[in-house]
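Data block below; observations after.
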Amino acid sequence: MKYCIKSLISSFYLFVLLCSFSPVSAATTNEIETVFNWAESNFPELFPNHQATQMIDPWAFRFYPSTGIYTGVKGNEVFVLGGPWGTESPTFVGTLPNVLAQIQGSGGNGNVPACRDTVDIPSGMVITQSGNVVNITTNGQCIPIPDIEDTNFCEPPAPLEPTGISILSTANITTFQTTGIIIDLPGIPNPFDSFAQNTSSCIINAPAEATNLVVNSNICFDMTNQLSTIPSGFGITINPPVTVSTVSSSTSQQVPDCFATDADSIFDAFTGETWINLNGSFVSTTDLGASF
């Protein structure tokens, strides 16, 4: 009975939230997810346990059963309902642009539960999560490429203890395109071709939340500065700006043993150790570095 009453009250809150409608311009999904994820990260006592975003026109919202609080976006306005804000009508928090500006000013980018740290991602990139789906985008813009050796923008959170869970992730590249550079060196493979190939990686001691995780990315990097010192000629033609864009989708599944897969690499989320697949054998990067 207590549960039924609580469900009835929650349904009433939702009715109040949905009925307070006034038409305004629509916000993008990425902006909405950024606000909701940031709220969960910075105010866990109000918005505990990651909740999936629900869509009932004109609202996008999340509901937190343990606190009875809704957070919602309608058009370009952010609201909350329940808890310390009461239940008579949604409380206006601010316009979406102003809230996003406050988040960016505080150094945040909207915490993503599936990713270890999204604070230091490149400017212009947005990472959001809804349910088991993570979206990584540069919103149609080509942004300066970060450290080429540090392009894993969604590493799993480090567990406090070994989980014993192994997750194999396979990334399928659906679109790959370069502009501003042509490489035609007889007998030498085009180094950009490797970016267009499907890849797989396996995580040891992965968090349980990583099972069945889907990561979609639509990103574009500007590599003009990195290639500015390379002169045209000898089979290389450069016509700035030089950009690399990819659209991909990565799916995950639990496996018994990462070392029994054909993954390109293996990463232990607890110890931080990494292995690379060299001709069918996995070699620790520590051993690999010592051999040079």
With rounding to the nearest 0.5 angstrom, report the [atom1] to [atom2] distance, [X] to [Y].
X	Y	atom1	atom2	answer
Asp264	Ser201	CG	OG	8.0 Å
Thr91	Tyr70	OG1	OH	14.5 Å
Cys142	Phe221	SG	CZ	10.0 Å
Thr237	Ile181	OG1	CD1	8.5 Å
Leu81	Ile69	CG	CD1	9.5 Å
Ile173	Thr246	CD1	OG1	5.5 Å

Restricting to side-chain contact (heavy atoms from CB on, under 4.5 Å), what partner residues turn up for [X], sequence neighbours left out?
X	value
Pro48	Tyr64, Ser66, Thr67
Thr163	Pro159, Ile165, Asn205
Gln177	Thr179, Ser245
Thr271	Asp268, Glu273

Decide whether [X] and [Y] are clustered together by the hydrophobic rule: side chain heavy atoms of Ile, Leu, Val, Met, Phe, Trp, Tyr closer than 4.5 Å, transitively.
X	Y	value
Leu46	Val99	yes
Val134	Leu168	no
Ile236	Val244	yes
Val215	Val133	no
Trp85	Val93	yes

| query | Taking atom types as modelled, is there a side-chain donor on Arg62 or Thr71 under 3.5 Å from an acceptor on the other? | reply | no
Residue pairs meeting side-chain hydrogen bond (donor to acceptor under 3.5 Å, both in side chains), one or both in residues 248-257, sequence neighbours left out, come to Ser169-Ser252, Asn216-Ser249, Ser217-Ser248
Report yes or no: does [X] contribute a side-chain atom to a donor-acceptor pair with the main-chain N or O of [Y] at less than 3.5 Å?
X	Y	answer
Thr174	Val247	yes
Asn132	Asn212	yes
Ser265	Ile276	no

Note: with side-chain heavy atoms under 4.5 Å as the link, the other cluster members for Ile204 come out as Phe259, Ile266, Trp275, Phe282
Specify the closest pair of heavy atoms between [X] and [Y], including all atoms of both residues, with the distance to one decimal.
X	Y	value
Val242	Gly180	CG2-O, 3.6 Å
Thr53	Ala60	CG2-CB, 4.3 Å
Gly82	Thr87	CA-CG2, 4.0 Å
Ile219	Met125	CG2-CE, 4.1 Å
Thr224	Pro241	OG1-CA, 3.3 Å
Ala210	Ile167	O-CG2, 4.1 Å

Subject >> side chain to side chain contact (heavy atoms under 4.5 Å, CB included) between Ile127 and Asn135, intermediate numbers included >> reply: CA-CA 6 Å; Ile127 303 179; Asn135 292 299; over 6 Å; no
Practice task
Give me the ring orientation class for Phe43 and Trp38: parallel if the planes are under 30° apart, tilted from 30 to 60°, perpendicular past 60°.
Solution key: perpendicular
Which of Phe36, Trp59, Phe61 passes ring-ring contact (aromatic ring centres under 6.0 Å, His included) with Phe79? It is Trp59
Apply side chain to side chain contact (heavy atoms under 4.5 Å, CB included) to residues Val255 and Cys202 and explain how you reach the verdict.
CA-CA 9 Å; Val255 295; Cys202 200; 3.9 Å; yes
- Quick check: are there more than 12 heavy atoms from other residues, nucleotides or ligands sitting under 6.0 Å from CD of Glu45? yes
Problem - side chain to side chain contact (heavy atoms under 4.5 Å, CB included) between Val35 and Leu100, worked out - result: CA-CA 7 Å; Val35 170; Leu100 288 170; 3.8 Å; yes
